[in-house]
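Encoded as structure tokens, the structure appears first; notes follow it.
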Amino acid sequence: MIRVLIIDDYPILRLGIRTALESVNIQVQEADSGEQGLQQVRDTHPDVVILKIDLPDVSGIDLISEINQEFPHVKIVVLSGHSDEGLLKMAFNAGANSYLLSDTRADILLYAVEMSYQGQCWIDPRLSRSILDIKEEDNSLRKGKKFGESLTSMEMRVLKLMAVGFSNERIADNLHVSPGSIRGYTNSLNLKLGAQNRTHAVFRAICLGYINYKSLFSEISGDENLEAV
């Protein structure tokens, strides 16, 4: 059973989220402040935290960072009333796994929780332009280079399998190498992409143009050395 902690200062919103989660047998706990939420994470070690980004007592970005640093296995789903590209990037830089707008439908929220629990990423489709736009600051990392030139062919293959949700063990099986080797590749990808974790590496790869999300699944399934996803 997935265990979820909701951190939100509005009781009515917590009730709505709790009702949706409990309808699919997810165990739910609540906190009405960032400080209380962090303490509950320390005490109860939930699988997923649903976190309101603009809490009144602490910075939501700082809270994401604290949770991620102390408990990197805890997945963080951000709820935000702001479709701001800068805030989106800050949240992922801090360690968020998924990012939804506050008016998201309950079924989409449930899907995002499940995806995050599985180590994948969900970002509100209304924010897709923010993800895919390559900003000038990112272009400087690619200037004068061909697509993918700074990543080795094996790193690209590992990256694409990460992007479709494969675990390290499953990637190792597909590429016929040890899980330890995959950990080495993921560490290298984090360093080269300026990422803090797997989810952030995929996010950075999309922003920098290393992954074309529209053709990703056909590329994966079309590689004769990989099992189809």
Side-chain angles (χ1 to χ4, degrees), residues 1-84 86-125 127 131 162 165 167 190 195-204:
M1 178 182 290
I2 302 175
R3 296 173 298 116
V4 173
L5 171 64
I6 306 165
I7 306 177
D8 195 307
D9 57 317
Y10 285 107
I12 189 66
L13 296 181
R14 295 200 307 272
L15 176 60
I17 296 170
R18 171 186 278 275
T19 301
L21 295 173
E22 290 183 337
S23 71
V24 292
N25 296 318
I26 291 176
Q27 182 179 324
V28 181
Q29 294 179 312
E30 299 180 25
D32 61 9
S33 69
E35 183 177 348
Q36 184 187 58
L38 181 59
Q39 188 58 53
Q40 284 194 226
V41 172
R42 290 169 175 160
D43 292 341
T44 64
H45 303 278
D47 300 307
V48 180
V49 171
I50 299 176
L51 185 155
K52 180 183 175 184
I53 196 69
D54 51 346
L55 293 164
D57 64 325
V58 299
S59 160
I61 298 298
D62 288 345
L63 182 57
I64 293 168
S65 181
E66 284 193 68
I67 294 173
N68 185 59
Q69 288 177 15
E70 290 191 41
F71 306 97
H73 64 283
V74 174
K75 311 305 181 185
I76 301 174
V77 176
V78 173
L79 284 179
S80 174
H82 312 284
S83 55
D84 177 79
L87 191 58
L88 170 69
K89 289 188 176 182
M90 287 172 65
F92 274 93
N93 286 339
N97 297 87
S98 295
Y99 193 101
L100 305 175
L101 295 180
S102 298
D103 61 350
T104 296
R105 299 197 320 262
D107 59 328
I108 299 298
L109 174 62
L110 293 174
Y111 182 71
V113 168
E114 178 66 28
M115 291 277 284
S116 299
Y117 176 70
Q118 294 176 7
Q120 301 182 51
C121 167
W122 179 262
I123 300 175
D124 195 301
L127 299 172
I131 307 164
M162 285 167 51
S167 66
N190 287 341
Q196 297 182 9
N197 50 50
R198 286 168 58 102
T199 302
H200 190 208
V202 172
F203 173 76
R204 292 283 293 169

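The first residue in the sequence is number 1, and the count goes up from there.
Expressed to the nearest 0.5 Å, how far CG of L55 lies from CD of E35 amounts to 11.5 Å. Here the CD1 atom belonging to I17 is positioned 10.0 Å from the OG1 atom belonging to T104, to the nearest 0.5 angstrom. Annotation: the span from Q36 atom CD to D43 atom CG amounts to 10.0 Å, rounded to 0.5 Å. Once rounded to the nearest 0.5 Å, the distance linking CZ of R3 with OG1 of T44 reads 6.5 Å. The CZ atom of R198 lies 5.0 Å from the CE atom of M162; values are rounded to the nearest 0.5 Å.
Sorted by first and then second residue, the pairs that involve residues 30-66 and meet ring-ring contact (aromatic ring centres under 6.0 Å, His included), not counting sequence neighbours, are H45-F71. A ring-ring contact (aromatic ring centres under 6.0 Å, His included) check over residues 97-116, counting only residues at least two apart or in different chains, returns the pairs Y111-W122. Residue pairs meeting the ring-ring contact (aromatic ring centres under 6.0 Å, His included) criterion with at least one member in residues 4-40, sequence neighbours excluded, do not occur. Legend: side-chain hydrogen bond (donor to acceptor under 3.5 Å, both in side chains) pairs involving residues 17-26, not counting sequence neighbours, sorted by first then second residue: R18-E22, R18-E30.
Within the 3.5 Å criterion, the main-chain N or O of L101 finds no donor-acceptor partner in the side chain of S80. Of the possible donor and acceptor atoms, none in the side chain of D9 sits under 3.5 Å from a partner among the backbone N and O of S33. Using a distance-only test at 3.5 Å, with no hydrogens or angles considered, no donor-acceptor pair links the side chain of D8 to the main chain of K52.
Not counting sequence neighbours, the partners of Q120 by the side-chain hydrogen bond (donor to acceptor under 3.5 Å, both in side chains) test are Q118.
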Chi angles and distances behind the side-chain contact (heavy atoms from CB on, under 4.5 Å) call for V74, L5: CA-CA 10 Å; V74 174; L5 171 64; over 6 Å; no

Audit row: L21, I6, side-chain contact (heavy atoms from CB on, under 4.5 Å) steps and yes/no: CA-CA 10 Å; L21 295 173; I6 306 165; 4.2 Å; yes

Verdict with supporting geometry, L79 and L13, side-chain contact (heavy atoms from CB on, under 4.5 Å): CA-CA 11 Å; L79 284 179; L13 296 181; over 6 Å; no

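In terms of heavy-atom proximity, L100 sits nearest to A112 at CD1-CB, 3.7 Å. Nearest heavy-atom pair, A96 versus V78, reported as atom, atom and distance to 0.1 Å: CB-CG2, 3.7 Å. A31 and Q40 make their closest contact through CB-OE1, 3.6 Å (heavy atoms, listed as atom of the first residue, atom of the second, distance). Across all their heavy atoms, S116 and S98 have their closest contact at OG-OG, 2.6 Å.
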Atom pairs and distances, side-chain donor-acceptor, residues 59-67, under 3.5 Å, sequence neighbours left out:
from, atom 1, to, atom 2, distance (Å)
S59, OG, I61, N, 3.3
S59, OG, D62, N, 3.2
S65, OG, Q69, NE2, 3.1

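Heavy-atom contacts from other residues, nucleotides or ligands closer than 6.0 Å to CD of E70 number more than 12. Crowding of M115 atom CE: a count of heavy atoms from other residues, nucleotides or ligands under 6.0 Å exceeding 12.
Here the side chains of I2 and E114 are in contact, with some heavy-atom distance below 4.5 Å. Using a 4.5 Å heavy-atom threshold, the side chains of L88 and I123 count as touching.
Of the residues N68, N97, N93, N190, the one that meets the side-chain hydrogen bond (donor to acceptor under 3.5 Å, both in side chains) test with H200 is N93.
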